[in-house]
Amino acid sequence: MSSAPAQYLGASGLSGRLDVSRSAVSKWRERYPADSAHPFPVPDVEIDGVPGWAPERVLEIELWRAGLPGRGAGGGRPSASELGYLRAAEARGLSRDEARRVVDAMVEERPEMSKPEVYAMLLDMWRDD
């Protein structure tokens, strides 16, 4: 009886989960090698020179990306609080677009709340479920 093979994300799969181009992942690997100040997360497996990352490491890589220095830092990259919220929303079956629409609607209904406050409120509500 054989078990299912382990599943990994290549650069294309990882780029799809991160919502960036495949070339962005390749450039990150080139620009941020293991000996750099902000090394790109090392792949879990390499087969014939093709890297692969375990799907559960996507959040780690998103956090790495959020910490990138230089141009655009903070401009368009999800914050740590948003990444945590998106991860929890995904676990509840929401797509990123759906999760972001929920937050946008709540901020519109409660203008006194910031997005990070809404993320925290939703996470607290989900923990109580």
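Computation of the quantities below employed the complete heavy-atom set of this structure, encompassing side-chain atoms and omitting hydrogens, waters and symmetry-equivalent molecules. Residue numbers start at 1 and run along the sequence shown.
A donor-acceptor pair under 3.5 Å is formed between the side chain of Trp64 and the backbone N or O of His38.
In this structure, the side chains of Val25 and Arg22 stay at 4.5 Å or more apart for every pair of heavy atoms.
For Ser23, the side chain to side chain donor-acceptor pair (under 3.5 Å) partners two or more places apart in sequence, or in a different chain, are Ser21. Taking the side chain to side chain donor-acceptor pair (under 3.5 Å) definition, one finds that Trp126 meets it with nothing, sequence neighbours left out. Under the side chain to side chain donor-acceptor pair (under 3.5 Å) criterion, Lys27 pairs with no residue, sequence neighbours left out. Taking Glu46 as the reference, nothing meets the side chain to side chain donor-acceptor pair (under 3.5 Å) condition, with sequence neighbours excluded. Applying the side chain to side chain contact (heavy atoms under 4.5 Å, CB included) criterion to Val102, with sequence neighbours excluded, gives Tyr85, Met106, Leu122. Residues satisfying the side chain to side chain contact (heavy atoms under 4.5 Å, CB included) criterion with Ser114, sequence neighbours excluded, are Pro116, Glu117. The side chain to side chain contact (heavy atoms under 4.5 Å, CB included) test applied to Leu63 returns Leu59, Ala80, Leu83, not counting sequence neighbours.
Within the structure, side-chain hydrogen bond (donor to acceptor under 3.5 Å, both in side chains) contacts touching residues 98-107 (residues at least two apart or in different chains) are Glu82-Arg100, Ser95-Glu98, Asp104-Lys115. Residue pairs meeting the ring-ring contact (aromatic ring centres under 6.0 Å, His included) criterion with at least one partner in residues 88-110, sequence neighbours excluded, are absent. Sorted by first and then second residue, the pairs that involve residues 47-61 and meet side-chain hydrogen bond (donor to acceptor under 3.5 Å, both in side chains), not counting sequence neighbours, are Asp44-Arg57, Arg57-Glu60.
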Only pairs under 3.5 Å count here: list side-chain donor-acceptor contacts from residues 7-20, not counting sequence neighbours, and write none if there are none.
from	atom 1	to	atom 2	distance (Å)
Gln7	NE2	Pro5	O	3.4
Ser15	OG	Ala11	O	3.3
Ser15	OG	Ser12	O	2.7

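Val42 shares a hydrophobic cluster with no other residue; no ILVMFWY side chain has heavy atoms under 4.5 Å from its own.
The shortest heavy-atom contact between Gly84 and Leu123 is O-CD2, 4.3 Å. The two residues Arg29 and Pro51 make their nearest non-hydrogen contact at NH1-CG, 3.1 Å.
No more than 12 heavy atoms of other residues, nucleotides or ligands sit less than 6.0 Å from atom CZ of Arg31.
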